[in-house]
Protein chains: 2
Amino acid sequence: MVTIYDIAKKTGFSPTTVSKVFNGYSDVSQKTRRIIMDTAEELGYLPNAHARSLTTKRSWTIGILFIETSGVGLLHPYFGGVIEGFKKVATSKGYDLMFVSKDIGGKKSGYLEHCKIRGVDGVVIVLPDYTDPYFIELLESDIPCVLLDQESDSKSTVYSDNVAGSIEAIEYLYSLGHRDIAYINGGQTFAGEKRLQGYMQGMQKLGLPVLPQHIVQGSYDYTVESGRIAMEELLKLDTLPTAVFVAGDNFAIGAIGAIKAHGLSVPEDISAVGFDDIEMAKYVTPALTTVRQDTYVLGKRAADMLIYCIEGGSEIQQAVIPVELVIRDSCRPL
Amino acid sequence: MVTIYDIAKKTGFSPTTVSKVFNGYSDVSQKTRRIIMDTAEELGYLPNAHARSLTTKRSWTIGILFIETSGVGLLHPYFGGVIEGFKKVATSKGYDLMFVSKDIGGKKSGYLEHCKIRGVDGVVIVLPDYTDPYFIELLESDIPCVLLDQESDSKSTVYSDNVAGSIEAIEYLYSLGHRDIAYINGGQTFAGEKRLQGYMQGMQKLGLPVLPQHIVQGSYDYTVESGRIAMEELLKLDTLPTAVFVAGDNFAIGAIGAIKAHGLSVPEDISAVGFDDIEMAKYVTPALTTVRQDTYVLGKRAADMLIYCIEGGSEIQQAVIPVELVIRDSCRPL
DNA sequence: ATGAAAGCGCTAACAT
DNA sequence: ATGTTAGCGCTTTCAT
């Protein structure tokens, strides 16, 4: 392995000067700089990130933490988009991304421990189970963090405008003449709660009664199958709603499957609106009307905020990303 | 920050002894071990991974490299599954995962450079553009690697049994009475080529002619939209095939969309078989008959092989993971 | 403009 | 069973 000492020896300068060159210090002559750069090139020198981190206490690494309990992980389209966006800006600013789990070295530990041992400069937290004590511990630490789909006083957060999106969905259904609008929620998550809140606000705003039997809790995992199961609940009702607003496209697709399985059809018998606008949404039958959230932007914004924080920014920021209703074929006028 | 020196000072033992305790050396008395462990706990000691890596030349980090050109990245279900599986076993064996890009420190460099600078112990390479010179450079290096969906003499590889899967698909269509079977390929990838090969072998084996106009190249990205476009080609033919085998479920869903858009239906007019078995496959209409590949297993196997290699194994391994035809509703007997 | 010296936190030979 | 010494590759005062 070629080190700065090799370059120093070969050029006759000191390791200090060599180091200065690579760190862009101004107190090195142009000539010396050239010689050192050329020699580095010639010897195939590459810096050693570990050695650098050891002295500078900066790893240029960002930890990425996403929930592990559901088992779906990256398979959910939400994560993919967010991580892609995040990675894009983090990389361009010189950071690498590392997955952070509860375990390290094959042993149980905790997120905070993991972060400290690895010396990450900051952490993005995606869709966490916010009752997890290890998560709380991280939140209360002084490590720079940004939370997605989460609210917090101590850390910066970014999330989609779930409330507005839900209200828009309800208003759209209302405009089509629907009055009996059910809601399938996405488990006990921040986004789920906000969407539920939006549903209720929307209904109330329009003077529509919120019926308890019209609200069903889907499970946390946001899988198609869970959506199917949730819809089954609704289909047991004596008088069916004329529309369902579903807190996730996977869910919605499952729900539509359930409706079809009951010999009913969408949108003829029941109209449906989803949330997310996954790629598949426009290709399922009927093409899904849904609230689009821009996960890529979510990720990019999160990276901006985290890096701001890592680089000394002390202000706790909060970004709410607008969503947009995309009208397709899963709703009909009454 | 608490270091082993703090523990040494407090307990009266030397830093070496403390280090030995944490590294499980046997030449430390039980009593001493206890004292040191307790003190570590009490002081809240956490090891510093960078310092350790600096001396040991082992980072316990695995780089993960996946193609960046297509722009879909993690959004494709394939990646998600593979990475999940990989992460699962890597984590359990003490490794963390870090994304490796062509850039480092915000500057262009190359994969190999990035890996060396970060000191990763090995790299998983997922679906690369194998003409990329930076990729070649990595392949020819001495860094432990495992390749997914790839063939190589110098590195271990793991991939699904694309050929057998394709043959099975063709045989199934044949058994249903289909003779005019078209094929939509997935771009210039290893998997695409293998599936094409399987298609041709299957056709030949059954004595069916392979018509050039029945083979269309989809684009590299495996998106629904590309599948739609590819199918449009096929639909321009004077005599349409009675079935299409499509090298990816996203593709297949797009293709089915195109068929419907032409006023035809699946499977009544054209039968379709996909490849992947993504979650959505059973929820689209018609539910998609497809060749299931187990991306989770792919990932786990890859991790096993890479770690074997990292830990000194010199044998170059090759794993072919079986696939399975899943019959649903997108094909009909002729 | 350049360099000497010390130190980041840890481990590995090599004593004892 | 325990400790001494040196060193991993780099940066950072602080001199000169």
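What you are looking at is a predicted structure, and each value in this text was computed from that prediction instead of being measured. Letters go in sequence order (proteins before strands), and every chain restarts at 1.
The closest side-chain donor-acceptor pair between B/T16 and B/S19, if any, does not fall under 3.5 angstrom. Between the side chains of A/H114 and A/D103, no donor N or O sits under 3.5 Å from an acceptor N or O. For the residue pair B/S160 and B/Q293, a side-chain donor N or O sits within less than 3.5 Å of a side-chain acceptor on the partner.
The span of DNA chain D lying next to chain B, judged by atoms under 4.0 Å from heavy atoms, is bounded 5' to 3' by D/dA1 to D/dG9.
In summary, the aromatic rings of B/F135 and B/Y111 are positioned with their centroids too far apart to meet the 6.0 Å limit.
A distance-only check finds a donor-acceptor pair linking the side chain of A/D6 to the backbone of A/T3 [under 3.5 Å]. Under a 3.5 Å cut-off, the side chain of B/D121 and the backbone N or O of B/S59 do form a donor-acceptor pair.
We find that NZ of B/K57 is positioned 12 Å from C1' of C/dA12, with the value rounded to whole Å. For A/Q30 and C/dT2, the CD to C1' distance is 15 Å, given to the nearest whole Å. Atom NZ of A/K31 is separated from atom P of C/dA1 by 13 Å (rounded to the nearest Å). Look at CD1 on B/I36: it is 13 Å from P on C/dT11, rounded to the nearest Å. Atoms CZ (B/F22) and C1' (C/dG9) sit 12 Å apart, rounded to a whole Å. For the pair A/D27 CG and C/dA1 P, the interatomic distance rounds to 7 Å; values are reported in whole Å. The interatomic distance linking B/Y25 (OH) with C/dC14 (P) rounds to 13 Å, in whole Å. Atom C1' of nucleotide C/dC10 and atom NE2 of B/H50 are separated by 13 Å, given to the nearest angstrom.
Checked for salt-bridge contact, B/D132 and B/K102 meet the test: a charged N lies under 4.0 Å from a carboxylate O. Between A/E42 and A/K10 there is a salt bridge, since a side-chain N of the basic residue sits under 4.0 Å from a carboxylate O of the acidic one. Taking a cutoff of 4.0 Å between a charged side-chain nitrogen and a carboxylate oxygen, A/E151 and A/K194 qualify as a salt bridge.
Phosphate proximity of C/dC8 to A/T55: absent, as no side-chain N or O sits under 4.0 Å from OP1 or OP2.
Place B/S26 and B/A51 on DNA chain D by their nearest nucleotides, and B/S26 ends up nearer the 5' end. Ranked by how close their nearest DNA chain D nucleotide is to the 5' end, B/S29 and A/N23 are led by B/S29. If you find the closest nucleotide of DNA chain C to A/T32 and to A/Y5, the one lying nearer the 5' end belongs to A/T32.
At least one test fails for B/K300 against the ring of B/F86: distance under 6.0 Å to the centre or angle within 45° of the axis.
Between its two ends, the helix from C/dA1-D/dT16 to C/dT16-D/dA1 turns its axis by 30°, counting five pairs per end and rounding to 10 degrees.
Counting any heavy atom pair closer than 4.0 Å across all strands shown, B/T16 reaches a base atom. Within 4.0 Å of B/N48, counting heavy atoms only, lie sugar-phosphate atoms of the nucleic acid but no base atom. Across all strands shown, B/K20 has heavy atoms under 4.0 Å from base atoms, whether or not it also approaches the sugar-phosphate. Across all strands, B/G119 comes closer than 4.0 Å to no nucleic acid atom at all (heavy-atom distances).
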